[in-house]
2 protein chains.
Amino acid sequence: MRFIKRTGLVFLLALAFALGAAEKVKYVFLFIGDGMSMPQRMLAEDYLFKTGRGKLEINHFPYQAPTTTRSANSLITDSAASGTAIACGEKTDNGRIGMDSGAARKLPSIAETARDRGRKVGIVSSVTINHATPASFYGHRPSRGNYYEIGLDLVDSGFDYFGGGGLSSPDDRKSKEYKGNVYDLAAKQGYQVVADRAGFEALAPGGGKVLARGANDALPYAIDRTGGELTLADFTRKGIELLDNPNGFFMMVEGGKIDWVCHSNDAGTVLHEMFDFNEAVKVACDFAAKHPDETLIVVTGDHETGGLTLGFVGTGYVSKVDLLANQKCSLDAFKSRVGKAKAASFDELKPLVTECFALHFDAAKKDDLYVKPEEEAVLRAAFDRKALPMETVRLFNNKASIGWTSTAHTALPVVTSATGKKAELFQGMIDNTDIPKKLETVL
Amino acid sequence: MRFIKRTGLVFLLALAFALGAAEKVKYVFLFIGDGMSMPQRMLAEDYLFKTGRGKLEINHFPYQAPTTTRSANSLITDSAASGTAIACGEKTDNGRIGMDSGAARKLPSIAETARDRGRKVGIVSSVTINHATPASFYGHRPSRGNYYEIGLDLVDSGFDYFGGGGLSSPDDRKSKEYKGNVYDLAAKQGYQVVADRAGFEALAPGGGKVLARGANDALPYAIDRTGGELTLADFTRKGIELLDNPNGFFMMVEGGKIDWVCHSNDAGTVLHEMFDFNEAVKVACDFAAKHPDETLIVVTGDHETGGLTLGFVGTGYVSKVDLLANQKCSLDAFKSRVGKAKAASFDELKPLVTECFALHFDAAKKDDLYVKPEEEAVLRAAFDRKALPMETVRLFNNKASIGWTSTAHTALPVVTSATGKKAELFQGMIDNTDIPKKLETVL
């Protein structure tokens, strides 16, 4: 009986696999949180938990695969090598965009494969659209710094939709390949180039290829939005609207500023970038709910940034991550306000420190946000060497039980999450180069 | 055609599931790396990669499930609450052993369930056998500090095999429940109590219940072994030998000292503890290779310890994790040697620093292990405040691109890895309380 049961099981599973393997997926979403590994994901989830707001959806997709990220020349990858691995399925040296380690071969990307198989293709990012991660899906250049040339590759890609941040160096006249402003070249190639909200909202299916930006460079930090700015979710929603067609589409959406704020070790701002990214993924989830048998959503990170940890020597076994709710602006915005204040002494800036982080100096109220005399001395010294903003954020993070060990990336694996049709491809320990190989089988 | 294919697929999968769900697994192994999360796993794997020695087996089991760990009263769990979650499937407060948050209810453990279903049961740990993690599988006490009383629970458990470290407080006459030395009580209950290597080697199946220790408290650190000491792998191998029987067995094996050395932020010693743990898992894998359709191996961690990161601000995008090869003894052993040296000045200890870590002070040889004047000043100041050992290890770790942010645990999820029969139960994002519920279905 046991033998019969086992044989029957194997046979049925094999048959199911054979039937399943041939199936393609009409709508494929690939979300990349730049600098997003498990610490960043859990930071957001712990915060939601402590403030009674549930779970972070992306952390609870039915399939979750730890994913190694090393590049061809370093255990610690940069975003170019990891972008190329995720887009093209091959390890390359840090810095390369869509080319091999020796910068001799152009590597075809999964987005190009999708295009060549008749899918519409969209590329969205909250940072500049020719930055390393989005660039890896259409660019083929020896260096991520070849912004202008990557811009030329964008124009040549023929992809249907670029949305989010603007172009870096769109008019670099020093380039050996200079042939005009990239926006103009895009327009000549038939792209509708849109740079304002009205133009963005007017975009509709059937209007041809689109290059739409919500800002001249990167989108503003979520925590610093004043209202009305286009978000990553807006660009994702528009992408779906523009790309939907009987042959299906492939869309890559990058939450690029998670990385930027992890580089500056600013956990409160990371939180809001994580929520923004999660909101963009939820737009795809809503679409998938309407097309359940035709949609695959994959969410990954390209590497960990900052050596973020969810515990600090000063707070021991107690996590006070909910204190991050007191942060009112990004480190960048705080830095700018400190600069504008032109304060002659640290004491003049105390009200600003309190306004932005709720850190206070009132010895009569020794709560979690009280700055002790020895901590105040550290801030005072930081003011003297013009490092007050960074030191304030460090103190605030540590009070919230958050630690950081680097201003660069680390070698921690990321996690790839998947839901929808063929999501089961993403399980076990995988490597970032496996991602496009798996996606290729469903396109 | 598409509809027929899809319906057929769903039907076959449902049938396969129904056939599969009823199946039990004869041999169930649960390995717990205390303090082992993804950073600890990847530290070991990166080191193996950089030194050309392949992968860490446990990281490449076919199923890998990120696993949340918070306790009932803290985002940051201790080993008692996480041990209870993994053993009993219920969240409890930090400190509790096999009891609910209110310390009102004793929670049945998966090991007790296995025993009650006729399986033989083994509990192995490299630390004391009544320490929080192993205790959670047989003990039911309000506090992890109730060592003597937990020892009484051990004697009453009727489990077939306890192996590894000895008992803490085996003869605590201050206990309200004192009734004699726990080792004597165990002997009276029919346990063979073995405390030396010869006795251990003589242990054979059919000799009744066993309580075997390789040291009076915890086993020595792997990096400090001088030869001949029993290892976690030895105790695992013996467990298999003693427990194998027609009704199968459940064995929990804890690598407990990963946590201890993460508390002291000593990455070089962590490495060797990780390798030792991995070797113990490989003993189970070898057994599974002989019983492929009857064995399930699950490897998890109970929490992350130390806020370990694989990158440091001073080394940027370059990982020098291979420098850890230069460490010759644990921080504890180094501390003891520094103490014995009774040095009057830091300079007297320089040769010892060089002997144990290959850190050197030769300005003519400015390699990765050269201690710069400003770093030397830090060590010198640490000597003055009697903190030289810790500061030396910190410097050594940072040179190897390793950062730490806490001497306690953190809220980072762990990863649960599974291979063998029914391993597919372990996928997606799970919680530590799910582990015994899943195991229960196969016992």
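A, B, ... follow the sequence lines: proteins, then strands. Residue 1 opens every chain.
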- [ ] Just give me the residue among A:T407, A:T309, A:N398 that pairs up with chain B most often, heavy atom to heavy atom, under 4.5 Å.
- [x] A:T309

Task: Shortest non-hydrogen contact from B:M429 toward A:Q64 - done: N-CG, 3.4 Å

Task: Region of B:R41 that comes under 4.5 Å of a non-hydrogen atom in chain A - done: neither

- [ ] Pick whichever of A:D46, A:D78, A:I402 has the most heavy-atom pairs under 4.5 Å with chain B.
- [x] A:D46

TODO: Give the ring-plane orientation class for B:H263 versus A:Y317, where under 30° counts as parallel, over 60° as perpendicular and anything between as tilted.
DONE: tilted

- [ ] Output the option from A:S417, A:G403, A:P39, A:S406 having the highest count of non-hydrogen pairs under 4.5 Å with chain B.
- [x] A:S406

Task: chain A contact via B:P62 - side chain, backbone, both or neither, heavy atoms under 4.5 Å - done: backbone

Task: A:Y27 OH: over 12 foreign heavy atoms closer than 6.0 Å - done: yes

- [ ] Would you mind reporting whether B:T405 and A:T405 have side-chain heavy atoms less than 4.5 Å apart?
- [x] yes

Open item on the list: Is B:H303 in contact with chain A via its backbone, its side chain, both, or neither, using a 4.5 Å heavy-atom distance?
Closed with: neither

TODO: Measure the spacing between OG of A:S401 and CD1 of B:I76 and express it to the nearest 0.5 Å.
DONE: 6.0 Å

- [ ] Measure the shortest side-chain to side-chain distance between B:M42 and A:T68 over non-hydrogen atoms and say whether it is less than 4.5 angstrom.
- [x] yes

Open item on the list: I need the residue from B:S74, B:P413, B:A418 with the largest number of non-hydrogen atom pairs under 4.5 Å to chain A.
Closed with: B:P413

Task: Residues, nucleotides or ligands: over 12 heavy atoms within 6.0 Å of B:Y63 OH - done: yes

Open item on the list: Given heavy-atom pairs under 4.5 angstrom as the criterion, report whether the side chain, backbone, both or neither of B:F426 touches chain A.
Closed with: neither

- [ ] Quick one: which of A:G307, A:S37, A:G314, A:G306 has the most heavy-atom pairs under 4.5 Å with chain B, could you say?
- [x] A:G307

Open item on the list: Is B:M38 in contact with chain A via its backbone, its side chain, both, or neither, using a 4.5 Å heavy-atom distance?
Closed with: both

Open item on the list: For the interface with chain B, which of A:T410, A:L310, A:N59, A:T77 has the highest count of heavy-atom pairs at distances below 4.5 Å?
Closed with: A:L310

Task: Toward chain B, the part of A:S71 with a non-hydrogen atom under 4.5 Å - done: neither

- [ ] With a 4.5 angstrom heavy-atom cut-off, could you sort out which part of B:A65 is near chain A: side chain, backbone, both or neither?
- [x] neither

TODO: May I ask you to name which of B:H60, B:R70, B:K50 has the most heavy-atom pairs under 4.5 Å with chain A?
DONE: B:R70

